[in-house]
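As a basis for the values below, the full set of heavy atoms in this structure was taken, side chains included, without hydrogen atoms, waters or symmetry mates. By convention in this document, chain letters (A, B, ...) are assigned in the order of the sequence lines, proteins followed by strands, and residues within each chain are numbered from 1.
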Amino acid sequence: MPKDLFLPHSKPDKFCEVCNTMSTDLYADVILPLPLGDQFTYRVPPEFQASIKVGIRVIVQFGARKFFSALVYRLHTNMPVGSFDIKDIDAVLDQEPIVTQAQLILWEWLVDYYCCTLGEVYKAALPSALKLESQTKISFNPHYDMPVDLSGEEEALLLMLQGHGQANIQDINRFIGKRSAFSTLKILLEKNAILVEEKVEENYRPKTAPFIFLHANVLTESAIAQTLESLKKARKQLTLFEFFLSETLYHAEPKASMEKKELLERSQSGEGILRALIDKNILRTEEIEIGRLDFSHDQEPVIFDLNEAQEVALEQIGQQLRGLKPVLLHGITSSGKTEIYIKLIEEQLAKGNQVLYLVPEIGLTTQLITRMKRAFGDRAGIYHSKFNDAERVEIWFNTLHDKEQSFQLVLGARSAVFLPFRKLGLIIVDEEHENSYKQFDPAPRYHARDVAVVLGQIHHAPVILGTATPSFESYFNAKTGKYALVELTERYKNISLPEMVIADVREATRRKQMKSLLTPELFEQINTALANDEQVILFQNRRGFAPYLQCATCGWIPKCRHCDVSLTYHKHRGAMICHYCGHTESLSGKCGECHSEEIRTRGFGTEKIEEELSLLFPEAKVARMDLDTTRAKKGYERLIYQFENKQIDILVGTQMVTKGLDFDNVSVVGILNADQLLNYPDFRSYERSFQLITQVSGRAGRKNKQGRVVVQTTQPKHPVLHEVVANNFTQLFNRQMAERKLFKYPPYFRLVKIVIKHKNQERLNLAASQLATLLRKNFGFNILGPEYPVISRIQNWFQKEIWVKLERDSKLGQSKKQIMGAVSQIKSMPNHGNLIIHADVDPM
DNA sequence: AGCACGCCGACT
DNA sequence: GTCGGCGTGCTC
C-alpha cells in the first residue's frame with residue numbers, strides 16, 4: 001500500500017460553488033464489523049481531515065439508524081460512483097492508528113486465503129470493547145400528557161420507562177415478556193409518548209484507584225511545618241501524615257502521590273484517620289487511572305543451562321532461521337523444547353524485539369505461564385479468550401505502544417496472532433500439530449499456525465513450529481524444503497522413553513480376565529504404581545458416563561430432539577445430555593419405544609471410568625479432568641495443583657490430560673480405548689491417533705525410572721499401534737503419504753469444505769445438489785458430495801457438506817474465487833433465502 | 001448481520 | 001377487514 005495513503009490528500013483541489021472557496025473532498029473507505037464483502041465509503045468532513053488516518057476508528061451511521069465504530073481502511077479523493085448519498089463520518093475515535101499497516105496486510109491475506117470478509121476479520125481481531133455498536137435507547141417523552149386511550153400493556157411500559165429514565169430493547173422485551181415488544185413501541189412512538197435514540201457507548205473504561213495527594217493548602221515548607229505542629233495532639237494522624245511525607249516529598253525520588261490502599265496498609269492506619277486529614281484539608285484524594293495488567297513476578301529471572309543435544313538444536317535453529325524459512329522443531333516428548341525457546345526468546349528481548357509465543361487454547365496452563373514468568377518476569381504477558389475485555393484492550397495497547405512498562409513476550413492462544421506488534425523478532429508456535437489452532441466458527445476460519453507463518457513473513461520475523469508429533473502438513477513442508485527441519489531425539493535429564501504395552505481387550509474378555517474396563521495388564525500396572533506411591537493418568541476421549549443408552553428389548557436409543565446424535569448419559573447429574581446443543585433430558589428409566597424398563601448403558605466415558613476405578617481401588621484418590629469438571633473458572637488449575645501435590649493418585653481425563661503437562665511422579669499411563677481413535681471416520685484419524693497416544697504417553701516417566709504405557713485395543717495388530725510403540729513417526733508418515741497422494745488428500749491437495757445449512761431438509765437437499773452440480777462444471781471429479789456429515793442435524797439445522805480438492809500447485813486464489821462465485825450464485829436463487837453456506841479452507 | 005418493505009394465510 | 005409470518009433486497 002503506498003505510503004501517501006496515510007496522509008490526507010491535498011489534491012486535487014476544486015472550486016466549491018457553495019462556499020466560494022477551494023475545497024478538498026476526502027473520502028474514507030471503512031471496514032464495518034459486519035460480514036459484508038465490500039468497504040463502504042464515507043465523506044471526511046473538513047474538521048476531521050487533518051486528524052484522520054488509516055487504522056483509526058471512526059463512528060459512522062450505517063443504514064437508517066445504526067451507528068458503528070468502523071476502521072479507516074483507505075483514504076482517497078475519488079468520489080464513489082453510484083446512486084447513493086454519501087454519508088459523513090460522525091466522529092473520530094482515535095488520535096493514532098490502533099491497527100497497524102502490517103496488520104492490514106495480514107487481514108487482506110486472511111480474506112483471500114480463508115474466503116471471508118474484512119469485516120469478519122476486523123470482528124475477530126479486535127477486542128470487542130474496541131468495536132462499538134449503537135444501542136437503541138428508549139425513554140419517556142417528558143412533554144407528553146398521559147392520555148386515556150392506552151392499552152394495559154402500553155400503560156405499564158410507559159410507567160416503567162418513566163421510572164427508569166432509559167431502557168434498551170432487550171430490557172423492554174424482558175419487561176413485556178413477549179418475543180418482540182416492537183408493535184407496542186411502534187404505537188407509543190406514533191402517539192409521541194416515547195423518545196427513541198441511538199447511542200454509541202464506549203465499553204472500555206480504564207481502571208482507576210484513589211490516590212492521596214497533598215492538599216493545595218499545604219504545598220509550602222512553612223505550611224507543612226505548621227501542619228505538623230497542629231497535629232501534635234492527634235498522634236495517629238501525625239504518624240500517618242509523617243509517613244505520607246516520607247514516602248512522597250522526603251523520599252529519595254519524590255513522588256506527588258501515593259495509592260490510598262498502599263498508604264493505609266503500610267502506615268498501618270485506618271480509614272478514619274485518613275478521613276480526618278482529608279477533612280482538615282491537609283490531604284486530598286483523586287481517582288487515578290491504573291492498568292489491569294499484571295506486571296508482578298515472584299522470582300528473579302532464571303535462565304537454564306541446556307544439555308548437549310539442546311545446544312546442538314539451538315545452534316541449528318539459529319543457522320536455519322537466518323534463511324528466514326520457518327523451522328519445524330521436531331523434538332520427542334520431554335526433550336526440553338521449552339528451554340530452547342527460552343534461550344531464543346532471551347536473545348530477542350535483549351535486542352528490544354517482541355516475541356509471540358502461541359500455544360493451543362488448552363495448553364495455556366499455569367505450568368507454562370509460571371515457567372515463562374520465572375524466566376522473563378514482568379516482560380511476559382498473556383492473551384487469551386478467558387481474559388475479560390478490559391484486560392484484552394490493555395494488552396492490545398501495550399503491544400502497540402512502546403511504553404515504559406510493556407510486555408515484550410506475549411503468550412497467547414490463536415487470537416494472539418491479531419495483536420498489533422510493533423517490532424516482532426520471533427514467533428514460536430508450540431504444539432503446532434494441535435487442532436485447536438484452527439478456528440471452526442465463526443469466520444474467519446483460520447489456522448493460527450499458518451497465519452503465524454504469514455505474520456512472520458510480513459514482519460521478517462523467524463517462525464519456529466515446535467512439536468513432538470508433527471502434523472503431516474508441516475512435516476511434508478519440512479521434507480520438501482518449504483520449512484527447515486531440526487530434530488531432537490534425546491530426552492531431557494535422561495528420562496528414558498516409556499515402555500509401551502499393547503493390551504488385547506478382546507482376548508482378555510474371552511478369557512474373562514477383564515477387571516471392569518481394565519485389562520489385566522493395565523490393572524496390574526495401576527496396582528504396582530499405587531503400591532509405590534506413584535501416580536497414574538488414564539485417557540479416554542469421551543466425557544460423560546456412557547455415550548448412549550439402549551433398550552435391551554427393542555434396541556431403541558434415546559436421541560436429541562434437535563440434533564442427529566444419541567444423548568450421552570451423565571450419571572452424576574442424573575441426566576442425558578446432547579453434546580452438540582446442550583439439550584438435557586432427565587432419565588425416565590423407560591424405553592421410549594416399547595416402554596420396557598431394561599435400559600442399558602453402552603460404551604463408557606470418563607465419568608464411568610472414574611466410578612469403576614473407585615470401586616476397584618477403594619484406597620486410591622481418583623479424580624476426573626474433562627469439560628465437565630473444568631468448566632468452573634479455576635477448575636482446571638485446581639486439578640493440576642492437586643495432582644502436582646499428590647492429592648490425587650489416579651487422574652482420568654479426556655484430551656486435556658495430553659497437553660503440555662509435566663508431572664514428575666507419573667509412572668503409568670493408560671489409554672482405555674484406542675479403537676475409538678483408530679476407527680474415527682476421517683482421513684486424519686491415524687495421524688491423530690499417533691499424536692494423541694504419543695502425547696499422552698509422554699506424561700509417563702520419572703527421573704531415573706522408566707514409565708509404562710498400556711494401550712487397550714481390540715486390534716492389537718493394528719500397524720499404527722506398532723508405529724506408536726516403536727515411536728516410528730517416519731514409517732507412519734511414509735505409509736500415510738502414499739495413501740494421501742492416491743486419494744487426493746492434504747498435504748498433496750488442499751481441501752475446501754463447503755457447509756450448507758437449512759432448517760428445511762428438502763430445500764437443503766435441493767440447494768446442495770445444485771451447488772455441487774455448479775461446482776462440478778469447474779472442478780469435475782475433485783468435488784465430493786453433497787453428503788450428510790456424521791451429525792446431519794444440529795439445533796434443528798440440517799446440514800450437508802461438499803468437499804473440493806484443489807491441486808497444491810494450482811492457482812488457489814482463482815479456484816477459491818470460482819467456489820465463492822458458485823456459492824453466491826446459489827444463494828441468490830429464489831427460495832434460497834434462509835440458506836447458510838460457508839466455506840472452510842483447510843478444514844480439520 | 002440487521003432491518004425495512006412487501007406479499008400471502010389465520011384470526012378478532 | 002388486520003396482524004404477522006417469512007421471502008427479498010439494501011446498507012456508502
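- For the side chain to side chain contact (heavy atoms under 4.5 Å, CB included) test with Tyr437(A), the passing option among Val429(A), Asp450(A), Val451(A) is Val429(A); the others fail.
- The distance between atom CG of Asp29(A) and atom C1' of dT11(C), rounded to the nearest whole Å, is 15 Å.
- Distance CG (Leu75(A)) to C1' (dC12(C)): 15 Å, rounded to an integer number of Å.
- The interatomic distance linking Lys757(A) (NZ) with dA1(B) (P) rounds to 11 Å, in whole Å.
- Contact annotation: Arg763(A) side-chain N/O to dG7(C) OP1/OP2 distance is under 4.0 Å.
- Looking at heavy-atom distances under 4.0 Å, Leu36(A) makes contact with a base.
- An aromatic stack links Phe84(A) and the base of dC12(C), using centre distance under 5.5 Å and interplanar angle under 30°.
- In this structure, His758(A) atom NE2 and dC6(C) atom P are separated by 11 Å, rounded to whole Å.
- To the nearest angstrom, P of dA1(B) lies 18 Å from CD1 of Ile31(A).
- Look at Lys66(A) and you won't find any side-chain N or O under 4.0 angstrom from OP1 or OP2 of dT11(C).
- Between Asn834(A) and dG7(C) there is a side-chain polar atom (N or O) within less than 4.0 angstrom of OP1 or OP2.
- Per the geometry, CE belonging to Met829(A) stands 18 Å off C1' belonging to dG9(C), to the nearest Å.
- Comparing dT8(C), dG7(C), dT11(C) by their closest approach to the side chain of Pro830(A) singles out dT8(C).
- Comment: Asp840(A) engages Lys438(A) in a salt bridge, judged by a side-chain N to carboxylate O separation of less than 4.0 angstrom.
- Among the heavy atoms of the strands lying under 4.0 Å from Gln61(A) are primed sugar atoms or P, OP1, OP2 only; no base atom is included.
- Nearest approach of Phe40(A) to Leu36(A), heavy atoms of both residues: CE1-CD1, 4.0 Å.
- Rounded to whole Å, atom P of dC6(C) lies 13 Å from atom CG of Asn760(A).
- Rounded to a whole Å, the OH atom of Tyr122(A) is 18 Å from the P atom of dA1(B).
- Nucleic acid contact class of Phe62(A) (heavy atoms, under 4.0 Å, all strands): base.
- Side-chain atoms of Leu34(A) lie closest to dA1(B) of the nucleotides dC12(C), dG7(C), dA1(B).
- Using a cutoff of 4.0 Å between basic side-chain nitrogens and carboxylate oxygens, Arg684(A) and Glu473(A) are scored as salt-bridged.
- Checked by atom type, the side-chain pair Tyr42(A)/Asp29(A) shows no donor-acceptor distance below 3.5 Å.
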